[in-house]
Participant: 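Take this structure, written in structure tokens, and hold onto it; I'll ask about it next.
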2 protein chains.
Amino acid sequence: MIQSAATLFRERGVEGTAFADVLEHSAAPRGSVYHHFPGGKQQLAEEATRWAGEAMGAGIAAALREEDPLAALDDFVGLWRAVLEESDFRAGCPIVAAALAGERSPGARAAAAAAFAEWRATLAGAFAEAGLAAAQAGPLATLFIAAIEGGIVLARAQRGIEPLTEVVDELRAVARSALA
Amino acid sequence: MIQSAATLFRERGVEGTAFADVLEHSAAPRGSVYHHFPGGKQQLAEEATRWAGEAMGAGIAAALREEDPLAALDDFVGLWRAVLEESDFRAGCPIVAAALAGERSPGARAAAAAAFAEWRATLAGAFAEAGLAAAQAGPLATLFIAAIEGGIVLARAQRGIEPLTEVVDELRAVARSALA
DNA sequence: GTCTATACGAAGATAGAC
DNA sequence: GTCTATCTTCGTATAGAC
């Protein structure tokens, strides 16, 4: 159910996703929602964001453990490319959706901030391991996350993969020159 | 009224903004809404997005006409910093909000794509004028837009300006080395 | 615990008077 | 053209039976 919520947040955003949609999508029992989520939609949004953030963070960490940052970047963007194209550019990042959720879901926003911070730390660690000074690894990690997320937004807007491709090509060049 | 809609989209997104909110914010006459916007909320969202996109595009073009890309970047981000801090990090980019609007506002999404494309062309032109090869100016412009928009999302999530500052510092370095 | 039914409010859209 | 009143739909949340 948390998983379903995260999936729907990708396409419709937090505000645009109704409780009934989540129930339908997850085929969960209708009557027990407020048993498991006494905090209502706020709580569901928060837990879904946290779950998605940690899942993606684990994926990032695993990739960076097995390969260098540049190879991981390619893999990661390949996944995004698949998500975008398979959804006809309707699906985006659930963490971005949560970050932009309004006052009605403050918990989701906080969970999004935590996810971004975790990703940044992981990526910065990998950059440092690859030889970058600590003071440079952090900001570079922020650039990577911001640019990729922004590239996904642009790709969704124009319903084409090119913006993300261009962003990643540029990031690759930046990382190469930074790590050189 | 279009202006009010764009303002509200910044904070609440397209789905999160109610018609009544726009009326209240703009102090516009209640009864004549469907006179001016027979297409309802879809039409309002589309026109507000187009208006905001053109206004921001004009600002970008004006800045790039008077100064070099690096100086314009600083000015532009200074404006964003003010918007973010004055709104306590609740306000973001209305074009991003429109890009993430669901199926219920396809016109807004299209207008967002047009805005991004226009900005990209303007910025790429400035990079070319500054001496960059045409084949490199376009992708670099995409990186700039994606990274800044992503930085704004990150800043809103963590309610702090640092992500945007870091992104811009990195972009400045990238542009310097590209234009060198 | 899970179900159905429903209360309550919000939001988009329309009707008809002025 | 602009107003008030209202219709309908939808969405969150709750109540009470099983």
Participant: According to a strict under-4.0 Å criterion, is A/S32 in side-chain N/O contact with OP1 or OP2 of C/dT2?
Facilitator: yes

Participant: Transitive ILVMFWY cluster of A/L79 at side-chain heavy atoms under 4.5 Å: who else is in it?
Facilitator: none

Participant: Without decimals, in angstroms, what is the distance between B/E15 CD and D/dT12 P?
Facilitator: 12 Å

Participant: Please give, in whole Å, the distance from C/dT6 C1' to A/Y34 OH?
Facilitator: 14 Å

Participant: Using a 4.0 Å heavy-atom cut-off across all strands, classify A/F19 as base, sugar-phosphate, or nothing.
Facilitator: sugar-phosphate

Participant: How do A/G31 and B/G39 order along DNA chain C: which one's closest nucleotide is nearer the 5' end?
Facilitator: A/G31

Participant: For D/dG1, take OP1 and OP2 only and decide whether either is under 4.0 Å from a side-chain N or O of B/H36.
Facilitator: no

Participant: To the nearest Å, how far apart are B/R30 CZ and D/dA5 C1'?
Facilitator: 10 Å

Participant: Heavy atoms from C-beta onward define the side chain here; which of D/dT4, D/dG11, D/dT2 lies closest to that of B/H35?
Facilitator: D/dT2

Participant: Tell me: NZ of B/K41 to P of C/dA13, nearest whole Å?
Facilitator: 8 Å

Participant: How many whole angstroms separate atom CG of B/L23 from atom P of D/dT2?
Facilitator: 12 Å

Participant: Select from B/R104 and B/P29 the residue whose nearest nucleotide in DNA chain D is closer to the 5' end of that strand.
Facilitator: B/P29

